[in-house]
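First comes the structure, then the notes that go with it.
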Amino acid sequence: MTPGKKVCIAGGGPAGVMLGLLLARAGIDVVVLEKHEDFFRDFRGDTVHPSTLNILDALGVREKFDAIPHKPLPRLDVVANGVRVHAIDFTTLPPPNRMLTLMPQWDLLDLLAATGKRHPTFDLRMGAEAVDVTRAADGRVNGVRVRTRDGEDVIPADLVVAADGRHSTVRDVLNLVPRAQGVPCDVLWFRLPYPHSDLPDTLAWISEEGMVITIPRPDYLQCGMIIPKGSFDEMREEGLAAFRERLARAVPPLRAVVEQLESLDDVSLLSVQIDRLEQWWTPGALLIGDAAHAMSPAFGVGVNYAIQDAVAAARVLVPALRSGGAADIDAACVAVQRRRELPTLLMQRIQRAVHRTIATGRGVRLVDNPPTRMQRAVMRVAIPIARRLMARLVGYGFRPERL
Ligand SMILES: Cc1cc2nc3c(=O)[nH]c(=O)nc-3n(C[C@H](O)[C@H](O)[C@H](O)COP(=O)(O)OP(=O)(O)OC[C@H]3O[C@@H](n4cnc5c(N)ncnc54)[C@H](O)[C@@H]3O)c2cc1C
């Protein structure tokens, strides 16, 4: 290995921490910068997909993962217009990981960070914000300017990786601008206790009110109401009682607990975004995860895609960092984009189609309640096929990566 080859990753999300861990595991010196002091923030995807579980298996940390509270979901239902459909069946996937798992993302990140710290070349710095890059005389990126509570510092690096999410600072200072794909909706994010009735694991409730997702976290339901972009102000004006009523109409079992939403201040507005960079690299720098391509929450695949980017990147970067020069490192960055661009583009197209259906309220017209005889016949044939396809699409996405 060329001594002193060093990578600096901006962003300690799923993409950044996983890449840091994989590089350190291969003996590469890596610094991961996370601007927050901990991973404990709520607005992150909670889904650990079968493909990610396969990677955790390959990393040998499955026992540790299993020891953390989580919820395996072998099947997921969708309720459309009051009709419950067993829409996704992960048990149709190849063994061993035939389920989606829900685990608060901070727990997953803590596990990955702890695994990384077993390697002496892994250096995770919390409370360290990347504010700029440094460049060599020829313009090549050769380091990161970082701000901590002790002041500013520069971390020199042979490669800088931007994994700092959808509002990437590193992407901004590299003057790279992603092309936004119009998304007609936003998400309202809030928690509710489980209603007393046994609620089957249900991913989405599609009704005239739009779509509500209910993510079964161990102690509560994490709810997301998809609303037309810009309509939250109007909902605020209508007030809490109207919001509770809308929610109860959209998800009838929640009527028993909507009163426990005490204020609209407990409802956070999250802007949904889909975008993609035309070029995921520049000499000396690579962008992965949401920094290269913001994923919407549709199908909850963003975390999975971020991790897949990291795995693909580690595979091609390690040989270049071990024995190559600057040109080899840049060629590896080009290869990462070549490998991950198509799977991303395809998934984003599907996400946009889903958004269009929800935003126009067409989702509710998928099926009558009760379904007509014709709809029942179509569902009998189509749903078993869709169940498998959806399991594959959600569980693995396109072109799953292996360690
Ligand atoms: C409402 C909502 C719900 C979602 N739900 C799901 C879901 O259920 N499942 C799913 O798979 N996906 C979901 N997604 C998408 C998912 O959150 C992202 O696709 C995924 O988190 C991307 O991972 P990442 O590592 O690229 O970026 P992020 O997860 O955004 O991580 C970036 C990290 O970089 C840090 N950072 C930012 N700037 C700097 C800086 N300058 N210096 C240092 N650190 C910095 C941030 O603090 C953060 O920790 C959801 C998205 C939204 C908006």
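Sequence positions, counted from 1, serve as the residue numbers for this chain. In each ligand, atom 1 is the first atom listed, and ligand 1 is the first ligand listed.
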Ligand 1 versus Val301: contacting region, heavy-atom distance under 4.0 Å: backbone

Mode of Ala163 contact toward ligand 1 - side chain, backbone, both, neither (heavy atoms, under 4.0 Å): backbone

Asp46 and ligand 1 - part of the residue with a heavy-atom distance under 4.0 Å: backbone

Part of Ala128 within contact of ligand 1 (heavy atoms, under 4.0 Å): backbone

Asp164 vs Ser168, side chain to side chain donor-acceptor pair (under 3.5 Å): CA-CA, chis, key distance, verdict: CA-CA 5 Å; Asp164 48 348; Ser168 169; 2.5 Å; yes

Part of Glu129 within contact of ligand 1 (heavy atoms, under 4.0 Å): both

Ligand 1 contacted by Leu33 (non-hydrogen, < 4.0 Å): yes

Residue Gly12 vicinity, atoms of ligand 1 by number, heavy atom under 4.0 Å: 33 (C), 34 (O), 49 (O)

Sequence-distant partners of Arg352, salt bridge (charged side-chain N to carboxylate O under 4.0 Å, His left out), two or more places apart: none

Asp77/Thr202 under side chain to side chain donor-acceptor pair (under 3.5 Å): CA gap, chis, key distance, verdict: CA-CA 5 Å; Asp77 291 359; Thr202 311; 5.0 Å; no

Heavy-atom closest contact (Ala248 atom, Val258 atom, distance): N-CG1, 4.3 Å

Side-chain donor-acceptor distances from residues 391-402 under 3.5 Å, at least two apart:
{"unit_1": "Tyr396", "atom_1": "OH", "unit_2": "Asn54", "atom_2": "ND2", "d": "3.0"}
{"unit_1": "Arg399", "atom_1": "NH1", "unit_2": "Arg339", "atom_2": "O", "d": "2.6"}
{"unit_1": "Glu401", "atom_1": "OE1", "unit_2": "Arg315", "atom_2": "NH1", "d": "3.3"}
{"unit_1": "Glu401", "atom_1": "OE1", "unit_2": "Arg315", "atom_2": "NH2", "d": "2.6"}
{"unit_1": "Glu401", "atom_1": "OE1", "unit_2": "Arg339", "atom_2": "NE", "d": "3.2"}
{"unit_1": "Glu401", "atom_1": "OE1", "unit_2": "Arg339", "atom_2": "NH2", "d": "3.4"}
{"unit_1": "Glu401", "atom_1": "OE2", "unit_2": "Arg339", "atom_2": "NE", "d": "2.9"}
{"unit_1": "Glu401", "atom_1": "OE2", "unit_2": "Arg340", "atom_2": "NH1", "d": "3.1"}

Residue pair His167, Thr169: steps toward the side chain to side chain donor-acceptor pair (under 3.5 Å) verdict: CA-CA 6 Å; His167 305 296; Thr169 302; over 6 Å; no

Ligand 1 contact on Asp290 by region, counting heavy-atom pairs under 4.0 Å: both

